[in-house]
Amino acid sequence: MVAFARYTAVFATGVLAAVVWAGSAWADGPGGVVEPDGDISVAVGSGVLDVALVGFSATGPTNEAASAAVIAACQQAGALDCSRDEVTNDNLCIVSVGDDGSGVVAGGAGPTVETARDDAFRHAQEANAPLDPNARILASACP
């Protein structure tokens, strides 16, 4: 019976240690690799290719790296006026929405593609460059 009690105590200590370790990694614990491949940020952007708006997405280990990668992808495709329209390292969908008629482009984020699109329309309105209601999603990325 003593062996069973000792085993139970050791098992409980191991479970407690595992819970404390996992909690610190998820609750603003020390920095480290969050995902196995290191791509924890995603960006969407746009450019003009053959007189049409086109969208791109890219990932990177930081928001800055993802932003640079989406610009690079746009330029490598031969597009002009490349821009990073939205970037996140949160658990959100992001979109780049563009109006082919006016050339206005805006980015947005939200829990779904639809709410991210609404957010892009809000950003465009706040910038005094409203999007046409028929503006289309050029690029999107969701977790």
*asked:* Quick check: closest heavy atoms across Gly60 and Ala66, and the distance to 0.1 Å?
replied: N-CB, 3.8 Å
*State, to 0.1 Å, how close Ser46 and Cys74 come at their nearest heavy-atom pair, and which atoms those are.*
O-SG, 3.8 Å
*Is a donor on one side and an acceptor on the other found under 3.5 Å between the side chain of His123 and the backbone of Ala106?*
no
*Return each pair, listed once, that meets disulfide bond (SG atoms under 2.5 Å apart) where at least one residue sits in residues 96-127; pairs must be two or more places apart or across chains.*
none
*Check side-chain hydrogen bond (donor to acceptor under 3.5 Å, both in side chains) between Asp81 and all other residues, then give those that pass, not counting sequence neighbours.*
none
_Verify same cluster id: Val48, Val105 (apolar side-chain graph, 4.5 Å)_ = yes
_Contact summary for Asn89 and Ser41, nearest pair of heavy atoms_ = CB-OG, 3.3 Å
*Are the side chains of Leu138 and Val54 in touch, meaning some heavy atoms are under 4.5 Å apart?*
no
*Among the clusters formed by ILVMFWY side chains lying less than 4.5 Å apart, do Phe121 and Val113 turn up in the same one?*
yes
*Calculate, to the nearest 0.5 Å, the distance between atoms CD and OG belonging to Glu114 and Ser140 respectively.*
9.5 Å
*asked:* Listing request: all disulfide bond (SG atoms under 2.5 Å apart) pairs with a residue in residues 112-143, at least two apart in sequence or in separate chains.
replied: Cys93-Cys142
*To which residues is Val42 joined in a hydrophobic cluster, defined by side-chain heavy-atom contacts under 4.5 Å among Ile, Leu, Val, Met, Phe, Trp and Tyr, whether direct or through other members?*
Val44, Ile94
*Considering residues at least two apart in sequence or located in another chain, which fulfil the side-chain hydrogen bond (donor to acceptor under 3.5 Å, both in side chains) criterion with Arg84?*
Ser67
*Can you name the residues that form a side chain to side chain contact (heavy atoms under 4.5 Å, CB included) with Leu80, not counting sequence neighbours?*
none
*First locate atom CZ of Arg117, then atom CG of Asp119, and finally report the distance between them rounded to the nearest 0.5 Å.*
12.5 Å
*With rounding to the nearest 0.5 Å, note down the distance linking OG1 in Thr62 to CD1 in Ile40.*
7.5 Å
*Write down the atom of Phe56, the atom of Ala73, and the distance for their closest heavy-atom approach.*
CE2-O, 3.9 Å
*asked:* For Asp118, give me all partners under side chain to side chain contact (heavy atoms under 4.5 Å, CB included), at least two apart in sequence or on another chain.
replied: none
_If I compare all heavy atoms of Asp90 with all of Thr88, which pair ends up nearest, and what's the gap?_
N-OG1, 2.9 Å
*State which residues pass side chain to side chain contact (heavy atoms under 4.5 Å, CB included) with Gln75; sequence neighbours excluded, sorted by chain then number.*
Ile71, Cys82
*Under the salt bridge (charged side-chain N to carboxylate O under 4.0 Å, His left out) rule, what pairs show up with a residue in residues 62-75, not counting sequence neighbours?*
none
Return all side-chain donor-acceptor pairs below 3.5 angstrom for residues 125-132, not counting sequence neighbours, or 'none' if the list is empty.
| residue | atom | partner | partner atom | Å |
| --- | --- | --- | --- | --- |
| Glu126 | OE2 | Arg122 | NH1 | 2.8 |
| Asp132 | OD1 | Asn134 | N | 2.7 |

*Where Pro143 and Asn91 come nearest, the two heavy atoms and their spacing*: CG-OD1, 2.9 Å
*Kindly state each residue pair satisfying side-chain hydrogen bond (donor to acceptor under 3.5 Å, both in side chains) with at least one member in residues 94-109, sequence neighbours excluded.*
Asp85-Ser96, Asp99-Ser102, Asp100-Arg136
*Can you measure from CG (Leu53) to CG (Asp50) and round to the nearest 0.5 angstrom?*
12.0 Å
